[in-house]
Amino acid sequence: MPHAGLKTIIALSFVLAIGFLLVILSSALYGQYSPLFVVATYLVAPIPNAICGRYASSYNDDFMDSGSSASSILDLGRFLTGFLVLMGMALPAVLAHAGIIQWGAMVMSIIGGLLIYGTIIAFTMFFQEESDF
Amino acid sequence: MRRHRTQPLILPSFSDIVLPAINHLLYRTGTPGGISLQLDRHIYRASSSSPPFTIIMESRLFRFPLPPLPSAQNLRVFGVYSSGGLFALGIWFFLDAAIFSKYANAGTVHVQFVDWIPSICSVLGMIVINSIEKARLSAESFSFSGSNDAWKARLVLFLGFALMAGGLAGSVCVLVLKYVVPEYPFPTLYFGIANVVANSLIMLSTVVLWVSQNFEDD
């Protein structure tokens, strides 16, 4: 894992700003604010993983069991995270197909949402050591 | 009597003796056609007394290094993530049909509760199948507290699979009876097709989750 310096933080915040800009543009340009749900989806997406990871580790601490149940809990978190990530991409497509938002808004909100989620993932990857210890 | 500055006795280490021998062996047995044995590239430097020389031990099989294959754990994690993604894809295919029917449908046929039943069955079946502790299934060797619970687990698993297969069959049934037989044109026909696609994707997601969860045990 490369050392996370100041440049990393600046680059990540830049990408995050571009992502938010795209999503907000996709809403504001067309006067239809439902693509903002994409941001909510991507912000919620890492939460099940985090909760289940913490719960599984405490579960392993409490019951000195083999990791069967703990890995099931971890899998539930991963499943929900994968669900939410795909939902962030599927939501604008569904809205555009139903004619609620324009196709351009769909493209912008999907790209913006992927940038936001990529920033969250990269941030947790870079700063995992600090949060663990 | 002034002694000479003591030199530490330098014993020949592993990298001084063994590795040149290995290197020599590899060189002698190497295929002349250009395949050199390389596993990893080590650079060993001899100690400071001897003239510095570098041994590059190449023990890889092919010239171009293969990207490392993902480990079983990584495959398992990826399988679980992609199972969640497939599930979302299925659910949103069906929700797309329902939302389209509500907001952009020009026809008279809409998505009703009948269309929801197969998907509900599939989701229930998926929950049932993946809730079972798989250790209980495997056999009579696992008898907890005297009673043998394998048949219970198998019964519940059968129920789950029946729910899932019923969901898929029901979606095909809805497609045929509601949309194909009255010969509706395409934007309406899409509701039935999306239903079948959604149920197939949920089934595929279950299969992927099942396989990747049992992957670790092997």
Side-chain angles (χ1 to χ4, degrees), chain A residues 32 34-35 37-38 41-42 44-53 56 59 63 65-103 106 109-110 113-114 117-118 120-121 124-125, chain B residues 72-106 110-111 123 126-127 130-138 142 187 190-191 194 197-198 201-202 205-206 208-217:
Chain A
Q32 167 59 258
S34 34
F37 278 114
V38 174
T41 307
Y42 278 122
V44 169
I47 292 180
N49 231 346
I51 291 176
C52 292
Y59 188 93
F63 311 93
D65 204 355
S66 67
S68 169
S69 303
S71 82
S72 300
I73 295 165
L74 280 177
D75 283 348
L76 178 66
R78 287 177 190 135
F79 184 84
L80 288 178
T81 297
F83 180 86
L84 285 170
V85 170
L86 251 287
M87 180 178 158
M89 278 187 272
L91 193 59
V94 169
L95 289 176
H97 185 229
I100 299 174
I101 64 174
Q102 308 284 320
W103 290 99
M106 179 197 89
S109 62
I110 287 180
L114 283 181
Y117 188 64
I120 295 172
I121 290 296
T124 48
M125 271 173 62
Chain B
Q73 182 63 29
N74 283 348
L75 265 181
R76 181 168 186 279
V77 169
F78 178 74
V80 175
Y81 276 127
S82 54
S83 161
L86 284 172
F87 184 73
L89 214 57
I91 288 288
W92 282 95
F93 245 104
F94 178 66
L95 285 183
D96 179 45
I99 295 173
F100 185 86
S101 150
K102 177 81 164 62
Y103 281 93
N105 195 5
H110 291 278
V111 171
V123 173
M126 179 171 190
I127 293 172
N130 286 301
S131 304
I132 293 176
E133 185 71 49
K134 299 196 176 50
R136 295 292 179 103
L137 285 175
S138 53
F142 263 50
Y190 169 73
F191 300 154
V197 169
L201 282 174
I202 292 172
S205 154
T206 310
V208 169
L209 190 58
W210 180 272
V211 168
S212 57
Q213 277 191 332
N214 285 4
F215 196 72
E216 199 189 31
D217 303 338

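Here is how names work: the chains are called A, B, and so on, in the same order as the sequence lines, proteins then strands, and each is numbered from 1.
- In this structure, OG1 in A/Thr81 is found 5.5 Å from OH in B/Tyr81, a value given to the nearest 0.5 Å.
- Between the CZ atom of B/Phe93 and the NE2 atom of A/His97 there is a distance of 9.5 Å, given to the nearest 0.5 Å.
- Using a 4.5 Å cut-off between heavy atoms, B/Tyr190 contacts chain A through its side chain alone, with no backbone atom that close.
- The residue among A/Leu86, A/Val94, A/Leu95, A/Leu84 with the most heavy atom pairs within less than 4.5 Å of chain B is A/Val94.
- Across A/Gly82, A/Ala93, A/Ala90, A/Gly77, the residue that shares the most heavy-atom pairs under 4.5 angstrom with chain B is A/Gly82.
- Atom CG of residue B/Leu89 and atom CE of residue A/Met89 lie 9.0 Å apart, to the nearest 0.5 angstrom.
- B/Ser83 contributes atom OG, which lies 9.0 Å from atom CG of A/Asp75 (distance to the nearest 0.5 angstrom).
- If you tally non-hydrogen atom pairs under 4.5 Å between each of B/Leu95, B/Asp96, B/Val77, B/Ile99 and chain A, the highest count goes to B/Asp96.
- A/Phe79 CZ to B/Ser82 OG: the interatomic distance, rounded to the nearest 0.5 Å, is 10.0 Å.
- Of the inter-residue distances, the one linking A/Leu80 atom CG with B/Phe87 atom CZ reads 9.5 Å to the nearest 0.5 angstrom.
- In terms of heavy-atom proximity, B/Ala104 sits nearest to A/Ala98 at CB-O, 3.3 Å.
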